[in-house]
Protein chains: 2
Amino acid sequence: MTSEPSWDFYRTLLAVLEHGSLSAAARDLGLTQPTVGRHIDALEQSVGAELFTRSQQGLLPTDAALVLKPYAETLASTAAALLRAATGSREKVSGTVRISASEVIGTEVLPPILAGLQAQYPELIVELSASDIVEDLLQREADIAVRMVAPAQEALLARHVGVISLGLFAHESYIERHGKPETIADLRRHKLIGFDRQTAYIRSMVKRYPMLDGISFSFRSDHSIVLHNALRSGIGISFYQIPLAKRDANLQRLLPEVEVTIDTWIVMHENLKTSPRCRVTFDALVTGLLDYAKGNDTPEGQ
Amino acid sequence: MTSEPSWDFYRTLLAVLEHGSLSAAARDLGLTQPTVGRHIDALEQSVGAELFTRSQQGLLPTDAALVLKPYAETLASTAAALLRAATGSREKVSGTVRISASEVIGTEVLPPILAGLQAQYPELIVELSASDIVEDLLQREADIAVRMVAPAQEALLARHVGVISLGLFAHESYIERHGKPETIADLRRHKLIGFDRQTAYIRSMVKRYPMLDGISFSFRSDHSIVLHNALRSGIGISFYQIPLAKRDANLQRLLPEVEVTIDTWIVMHENLKTSPRCRVTFDALVTGLLDYAKGNDTPEGQ
DNA sequence: CTGATGTCATACATTTATGTATAGCATCTA
DNA sequence: TAGATGCTATACATAAATGTATGACATCAG
């Protein structure tokens with residue numbers, strides 16, 4: 001460890017870890033394979049440890065390299081955030097703003113809101129990361145996030161935009177075939193659509209209706225869109241956001257006494273409030289989602 | 001923004017921001033002044049904004065540059081953490097572990113604990129950041145922290161090591177001159193030693209004894225060591241950690257009904273538990289501070 | 001005022017890093 | 001089996017970044 005290695009080596013390291021080969025990493029980085037190889041060599045020498053076992057069909061990361069991956073990911077997301085913060089003038093609403101939201105919100109609710117925003121500010125570039133994975137490390141850190149959990153960190157500008165209500169729904173074609181459940185216990189004899197992994201949705205549901213805990217799903221996916229399409233195709237019964245269900249007349253509410261509410265926040269780091277593009281995006285999301293939670297939905301086509 | 005700038009430019013940017021001149025930054029980085037200047041030039045071109053207003057007695061950062069500083073600091077601390085994670089073999093207890101603690105704990109309590117640890121593991125290098133400033137951004141992020149607030153983040157390995165008790169103390173030379181206060185209200189006619197800024201100490205004290213809120217200190221410093229030396233020199237009355245006070249026979253406890261307790265945690269990121277040096281340091285801190293909180297103090301000389 | 005020390009900017013030489021081209025080996029498909 | 005495609009490793013030429021030396025200006029102490 002004679003002197004600190006170049007920070008660029010960390011970027012190269014991350015690319016190699018992500019792509020699994022020097023050549024692929026080189027293509028991604030806009031470098032060449034020998035250069036990437038030299039970066040890894042230099043890094044290995046600096047830290048005094050083997051990072052990859054070389055083979056002719058690619059590189060296999062060692063434990064040491066895997067330990068470094070989360071650090072390199074943090075570096076990448078911070079560097080990306082720095083670049084976003086630096087780009088775009090401080091007066092105009094221009095440059096890139098990156099938003100993180102759940103899959104459902106990101107795919108169904110945000111697009112119309114963001115469409116209006118971009119119509120107003122043509123120079124604004126929006127990156128939208130729609131994912132239910134909590135540990136969003138692979139993704140570039142977002143400037144603004146729509147969250148279903150109360151923000152814990154300090155130095156965050158958070159706005160509570162109300163509660164989103166979920167109810168049980170089924171497509172009418174399913175009801176024709178299987179009938180309606182009359183009680184919660186009755187759900188056990190129905191086909192239920194559910195999640196693979198525990199998401200914020202599930203956690204709050206199980207908290208509220210413990211009898212749902214042991215229930216077995218006959219259709220599972222960890223992809224929210226798949227679940228919703230399964231619901232719309234009449235595969236079974238699923239929780240669904242009530243404002244969204246209004247858009248589809250063929251979806252029928254079941255057991256109206258079952259209702260789960262999810263608190264929703266818009267969260268932004270405090271020091272971004274001086275950035276015009278983050279400010280206007282934040283405000284647009286707040287007003288748009290307040291409307292959505294109230295039931296004043298603005299569907300896609302409008 | 002033709003292509004992403006070199007991450008090394010961010011390191012250079014941070015150095016220039018911290019030192020205030022190209023030359024000083026160059027000395028710090030082990031580069032030369034023209035190189036540092038070229039890095040800044042290239043970065044300005046990449047982000048399309050002026051970062052510094054050049055003058056012959058140094059560089060004045062623009063608002064744009066100041067916005068980027070926290071990002072660059074995060075990059076620096078992450079890069080340092082990566083390097084620490086990479087260095088040192090995975091079997092032996094070697095390499096550097098960085099610990100963050102309050103000033104009092106760091107200066108008075110930890111050294112004997114760490115001395116024992118380093119005697120056991122001669123190849124272990126310890127970095128100790130003793131500071132009461134909460135936003136420890138300038139510092140390199142620590143591997144292990146001794147905290148007085150309940151850890152909020154997830155993915156943290158936290159161990160509660162008990163409560164540290166604080167009482168009011170004065171040096172006997174002070175008592176000879178001013179006598180002892182008999183009631184809490186009586187404190188108002190005494191000389192009190194206190195803090196400039198609100199620390200975890202103060203907050204929990206005021207919470208418990210609201211009558212202390214409006215009290216005026218006749219001696220203030222935001223440096224804990226200064227305060228303790230002021231106490232030992234007989235300048236006035238101050239809160240002091242009871243286990244520490246036992247070491248100095250000339251310190252007398254006043255108003256024994258006044259006692260404030262501070263919960264204490266040792267906190268480490270979960271993914272460091274595979275690192276032997278972090279593991280053994282964590283364990284040593286836990287046992288050492290459990291002993292300390294119980295009153296089984298292990299003073300410096302022993 | 002004068003010299004010492006600090007700063008940034010520029011011109012030029014050199015070192016360093018990178019790209020190109022190629023060889024060697026594995027894997028898969030026809 | 002032959003050929004295409006994937007990968008890494010090496011040798012060599014080139015391009016790029018860095019260092020050296022120097023000049024111009026500002027600030028402070030004597």
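Numbers restart at 1 for each chain; the letters A, B, ... are given by sequence-line order, proteins then strands. Keep in mind it's a predicted model, so treat the numbers as computed, not measured.
For Ala81(B), the side chain to side chain contact (heavy atoms under 4.5 Å, CB included) partners at least two apart in sequence or on another chain are Tyr71(A), Arg84(B), Glu141(B). The side chain to side chain contact (heavy atoms under 4.5 Å, CB included) check on Asn229(A) picks up Ile225(A), Arg232(A), with sequence neighbours excluded. Qualifying side chain to side chain donor-acceptor pair (under 3.5 Å) partners for Ser21(B), counting only residues two or more places apart in sequence or in other chains: none.
Partner of His39(A) under the ring pair (Phe, Tyr, Trp, His ring centres under 6.0 Å) criterion, chosen from Phe9(A), Phe52(A), Trp7(A): Phe9(A). A side-chain contact (heavy atoms from CB on, under 4.5 Å) with Val36(A) is found for exactly one of Asp28(A), Leu22(A), Asp41(A), namely Leu22(A). Among Ile99(B), Ile144(B), Thr281(B), the one residue that satisfies the side-chain contact (heavy atoms from CB on, under 4.5 Å) test with Met268(B) is Ile144(B).
Atom OH of Tyr10(A) is separated from atom CG of Asp8(B) by 9.5 Å, given to the nearest 0.5 angstrom. Taken to the nearest 0.5 Å, the OG1 atom of Thr35(A) stands 11.5 Å off from the CD1 atom of Ile40(A). Note: His228(A) NE2 to Glu103(A) CD = 9.5 Å, rounded to the nearest 0.5 Å. One finds the OG1 atom of Thr53(A) at 4.0 Å from the CG atom of Leu60(A) (value rounded to the nearest 0.5 Å).
The distance from atom CZ of Arg54(B) to atom P of dC8(C) is 9 Å, rounded to the nearest whole Å. Taking atom CZ of Phe52(B) as the reference point, atom P of dA9(C) lies 12 Å away to the nearest angstrom. Spacing between atom CG of Asp41(B) and atom P of dA17(D) amounts to 12 Å, rounded to whole angstrom units. Ile40(B) has its CD1 atom 16 Å from the C1' atom of dA17(D), to the nearest Å. Look at CD on Gln45(B): it is 14 Å from P on dA16(D), rounded to the nearest Å. Distance Leu60(A) CG to dC7(D) C1': 14 Å, rounded to the nearest Å.
Considering every non-hydrogen atom in both Arg98(A) and Ser129(A), the closest pair reads NH2-CB, 3.5 Å.
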Study note, to complete from the structure: Read 5' to 3' with Watson-Crick or G-U pairs under 3.5 Å, [ ] for crossing pairs and | for partners on another strand, DNA chain D gives ||||||||||||||||||||||||||||||

What protein N or O atoms touch nucleotides 16-20 of chain C N or O atoms at under 3.5 angstrom, if any, and at what distances?
{"from": "dT18(C)", "atom 1": "OP1", "to": "His39(A)", "atom 2": "NE2", "distance (Å)": "3.3"}
{"from": "dT18(C)", "atom 1": "OP2", "to": "His39(A)", "atom 2": "NE2", "distance (Å)": "3.2"}
{"from": "dG19(C)", "atom 1": "OP2", "to": "Thr32(A)", "atom 2": "N", "distance (Å)": "3.3"}
{"from": "dG19(C)", "atom 1": "OP2", "to": "Thr32(A)", "atom 2": "OG1", "distance (Å)": "3.0"}
{"from": "dG19(C)", "atom 1": "OP2", "to": "Thr35(A)", "atom 2": "OG1", "distance (Å)": "2.6"}
{"from": "dG19(C)", "atom 1": "N7", "to": "Arg38(A)", "atom 2": "NH2", "distance (Å)": "3.1"}

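Within a heavy-atom distance below 4.0 Å of DNA chain D, no residue of residues 20-29 of chain B is found.
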